[in-house]
Amino acid sequence: MRRLRRLAHLVLFCPFSKGLQGRLPGLRVKSVFLVWLGIFAGSWMVYLHYSSYSELCRGRVCQVVICDQYRKGIISGSICQDLCELQKVEWRTCLSSAPGQQVYSGLWRDKDVTIKCGIEEALDSKAQRDVAPRRELVLFDKPTRGTSIKEFREMTLSFLKANLGDLPSLPALVGQVLLMADFNKDSRVSLAEAKSVWALLQRNEFLLLLSLQEKEHASRLLGYCGDLYLTEGLPHSPWHVAALPPLLRPLLPPALHGALQQWLGPAWPWRAKIAIGLLEFVEELFHGSYGTFYMCETTLANVGYTATYDFKMTNLQQVAPEAAVRRFLQGRRCEHSADCTYGRDCRAPCDRLMRQCKGDLIQPNLAKVCELLRDYLLPGAPADLREELGSQLRTCTTLSGLASQVEAHHSLVLSHLKTLLWKKISNTKYS
């Protein structure tokens with residue numbers, strides 16, 4: 001009986017055991033292959049991240065190039081000595097999102113600062129040995145030796161007219177540029193000082209910072225050396241953006257920005273205070289001392305705030321003067337409105353009959369900001385406010401960029417929104 005049971009056991013289980021044994025080598029090979037593939041993919045991602053990071057974060061290259069030009073006497077500036085001789089400018093976290101525009105958090109004279117520097121010419125790997133001469137020839141080529149202060153003044157005025165429009169306030173801005181150039185207060189502007197401030201003016205964000213220096217919601221300029229400049233320390237921005245590697249920040253979808261902001265951002269009353277500051281910034285951009293400016297990249301990544309929850313614009317790179325946008329659109333050939341896009345979202349309609357871009361933008365600053373605030377403010381809003389706030393934001397997002405609407409209607413909508421938010425947080429600790 002025992003033998004029969006053993007025979008039955010062998011008949012039933014031996015084929016299965018034989019098949020399992022036959023499959024085991026195949027399973028081992030697959031497992032080894034998958035492990036190898038995982039290691040290879042991980043190594044490749046690390047390599048890509050490292051190589052991309054090394055391209056994005058080149059503060060050391062920037063400092064070497066600038067200090068080389070300073071020691072040759074080609075450029076100068078208020079922080080050159082601290083940067084190149086005394087080593088008092090400390091470079092900390094890389095915040096760059098594009099190789100050509102280096103952005104770092106840093107420390108200077110016990111103050112938190114943001115360091116910004118452009119190194120487009122230095123990124124050509126074939127020209128690494130010739131970095132400094134290329135920048136001297138390409139970037140620091142104006143004004144030339146023998147240029148008088150009167151000629152430099154006229155040259156600066158012409159540049160500002162081309163970029164900001166022919167405004168009566170521009171001579172005062174030229175005066176500010178010359179005062180900034182004369183950083184050592186010796187009542188004269190040297191060739192090195194003139195070259196430095198001219199190179200700075202070519203940086204879109206610097207020009208905007210200079211134009212908005214008197215405004216509450218733009219960072220304050222602290223100093224410069226050549227075309228490298230320092231501003232106040234980067235205000236608080238959504239931490240989920242700052243925590244990401246520079247390569248991945250632009251890849252974060254807007255919807256995920258909003259969700260993380262809702263879950264991890266400030267409490268709703270603080271968000272309301274930040275939103276009021278953002279609306280005030282829209283007012284500042286509209287018919288300011290130096291013309292009108294357009295926000296051409298409206299995202300939560302640019303919504304920063306101070307320790308007291310006052311709004312600060314974290315990036316002015318995509319804020320453009322009206323004159324520059326109109327010059328871009330004028331006579332531009334198009335098939336669709338997408339062909340009439342300046343920056344990321346400053347879009348004008350396309351006249352399909354004439355096949356040319358029109359002059360007025362489809363969406364003004366206020367409409368784009370209201371779209372942003374709808375996702376920023378409605379989640380978590382007090383129940384007694386949500387319906388009215390939603391209604392006002394919907395009205396705001398339908399505003400058009402037609403010149404006939406911009407003046408009174410936009411001001412009225414903006415004023416109503418600010419009043420509604422301010423009433424909710426006034427006379428509380430959040431105000």
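Throughout, residue positions are numbered sequentially from 1 according to the sequence presented.
Ile362 and Ser337 get closest at one heavy-atom pair: CD1-CB, 4.2 Å. Residues Cys396 and Val413 come closest through the heavy atom pair CB-CG1, 3.8 Å. Taking all atoms of both residues into account, the shortest heavy-atom contact from Leu83 to Gln63 is O-NE2, 3.2 Å. Heavy atoms only, all atoms of each residue included: Glu193 and Arg188 are closest at OE1-O, 3.3 Å. Taking each heavy atom of Met295 and Cys346 in turn, the nearest pair found is O-SG, 3.5 Å. Of all heavy-atom pairs spanning Arg271 and Pro266, the tightest one is NE-O, 3.1 Å.
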Verdict with supporting geometry, Cys340 and Cys334, disulfide (SG to SG under 2.5 Å): CA-CA 7 Å; Cys340 305; Cys334 64; 3.8 Å; no
Chi angles and distances behind the disulfide (SG to SG under 2.5 Å) call for Cys225, Cys84: CA-CA 9 Å; Cys225 180; Cys84 302; 4.8 Å; no
Step-by-step side chain to side chain contact (heavy atoms under 4.5 Å, CB included) determination, Thr114 to Tyr104: CA-CA 6 Å; Thr114 300; Tyr104 278 76; over 6 Å; no
Chi angles and distances behind the disulfide (SG to SG under 2.5 Å) call for Cys350, Cys357: CA-CA 5 Å; Cys350 174; Cys357 298; 5.8 Å; no
Side chain to side chain contact (heavy atoms under 4.5 Å, CB included) between Thr231 and Phe206, worked out: CA-CA 10 Å; Thr231 65; Phe206 182 87; over 6 Å; no
CA sep, side-chain torsions, deciding dist, call: Arg58, Leu56, side chain to side chain contact (heavy atoms under 4.5 Å, CB included): CA-CA 6 Å; Arg58 307 192 70 184; Leu56 280 175; over 6 Å; no
Stepwise side chain to side chain contact (heavy atoms under 4.5 Å, CB included) check, Thr292 with Tyr294: CA-CA 7 Å; Thr292 296; Tyr294 293 131; 4.2 Å; yes
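Separation of atoms CD1 (Ile75) and CG (Leu191) is listed at 12.0 Å; rounding is to 0.5 Å. A distance of 7.5 Å separates CD of Gln202 from NZ of Lys142, quoted to the nearest 0.5 Å. To the nearest 0.5 angstrom, Leu414 atom CG is 9.0 Å from Glu280 atom CD. With rounding to the nearest 0.5 Å, the separation of NZ in Lys195 from CG in Asp227 is 13.0 Å. Taking CD of Gln101 as the reference point, atom SG of Cys62 lies at 8.5 Å (rounded to 0.5 Å). Here the CD1 atom belonging to Ile79 is positioned 3.5 Å from the CG atom belonging to Leu230, to the nearest 0.5 angstrom.
Residues Phe293 and Ser211 have side chains in contact (heavy-atom distance under 4.5 Å, counting atoms from C-beta outward). With a 4.5 Å cut-off on side-chain heavy atoms, Leu329 and Lys358 do not count as touching. Looking at Leu417 and Cys370, their side chains come closer than 4.5 Å, going by heavy atoms from C-beta outward. Residues Leu167 and Ser289 fail the side-chain proximity criterion, which asks for heavy atoms closer than 4.5 Å. Looking at Tyr376 and Leu278, their side chains never come closer than 4.5 Å, going by heavy atoms from C-beta outward. Arg326 is listed as a side-chain neighbour of Asp360, based on a closest heavy-atom distance under 4.5 Å. When side chains are defined from C-beta on, His217 counts as touching Glu284, because their heavy atoms get closer than 4.5 Å. The shortest side-chain heavy-atom distance between Val303 and Leu372 falls under the 4.5 Å cut-off.
Without hydrogens or angle criteria, Ser415 side chain to Ser411 main chain gives no donor-acceptor distance under 3.5 Å. The closest donor-acceptor contact from the side chain of Glu387 to the backbone of Asp384 lies at 3.5 Å or more, if one exists at all. In this structure, Gln330 contributes its side chain and Arg327 its backbone to no donor-acceptor pair below 3.5 Å. Side chain of Asn204 to backbone of Gln317: a donor-acceptor contact under 3.5 angstrom is found. Remark: side-chain polar atoms of Thr306 are paired, donor with acceptor, to backbone N or O of Asp310 under 3.5 angstrom. Side-chain N or O atoms of Ser96 include none that pairs as donor or acceptor with a backbone N or O of Pro99 at under 3.5 Å. Formation of a donor-acceptor pair under 3.5 Å by the His410 side chain with backbone atoms of Asn365 is not found in this model. Arg386 places a side-chain N or O within donor-acceptor distance of the main-chain N or O of Ala381, the cut-off being under 3.5 Å. Within the 3.5 Å criterion, the main-chain N or O of Glu216 finds a donor-acceptor partner in the side chain of Lys312. With hydrogens and angles ignored, the 3.5 Å screen pairs a side-chain donor or acceptor of Lys273 with a backbone N or O of Thr308.
Around the CD atom of Gln87, the shell of radius 6.0 Å holds more than 12 heavy atoms that belong to other residues, nucleotides or ligands. Counting non-hydrogen atoms of neighbouring residues, nucleotides and ligands closer than 6.0 angstrom, the CZ atom of Arg355 reaches no more than 12 such neighbours.
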Residues 153-166 side chain polar contacts: donor-acceptor under 3.5 Å, at least two apart:
residue: Thr156; atom: OG1; partner: Phe152; partner atom: O; Å: 2.8
residue: Ser158; atom: OG; partner: Glu154; partner atom: O; Å: 3.0
residue: Asn163; atom: ND2; partner: Phe159; partner atom: O; Å: 2.8

Using atom types as modelled, flag every donor-acceptor pair under 3.5 Å from a side chain in residues 177-185 to any protein atom, sequence neighbours excluded.
residue: Asp182; atom: OD1; partner: Lys185; partner atom: N; Å: 3.3
residue: Asp182; atom: OD1; partner: Asp186; partner atom: N; Å: 3.2
residue: Asp182; atom: OD2; partner: Ser187; partner atom: N; Å: 3.0

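Taking the charged nitrogens against the carboxylate oxygens, Arg332 and Asp339 have no contact shorter than 4.0 Å, which rules out a salt bridge. One finds a salt bridge joining Asp68 and Lys72 here, because a Lys/Arg side-chain nitrogen approaches an Asp/Glu carboxylate oxygen to under 4.0 Å. Arg220 and Glu232 are joined by a salt bridge, as a carboxylate oxygen and a charged side-chain nitrogen come within less than 4.0 angstrom of each other. Salt bridge Lys88/Asp110: absent, no basic N to carboxylate O contact under 4.0 Å. One finds a salt bridge joining Asp82 and Arg109 here, because a Lys/Arg side-chain nitrogen approaches an Asp/Glu carboxylate oxygen to under 4.0 Å. The pair Glu283-Lys418 counts as a salt bridge, with a side-chain nitrogen and a carboxylate oxygen less than 4.0 angstrom apart.
There is no side-chain donor-acceptor pair under 3.5 Å between Trp108 and Glu90. Side-chain N/O atoms of Arg92 and Ser105 include no donor and acceptor closer than 3.5 Å. At a cut-off of 3.5 Å, with distance as the only test, no side-chain donor of Gln318 or Glu205 sits close to an acceptor on the other residue.
Using bins of under 30°, 30° to 60° and over 60° for the plane-to-plane angle, the ring pair Phe311/Phe281 lands in the tilted bin.
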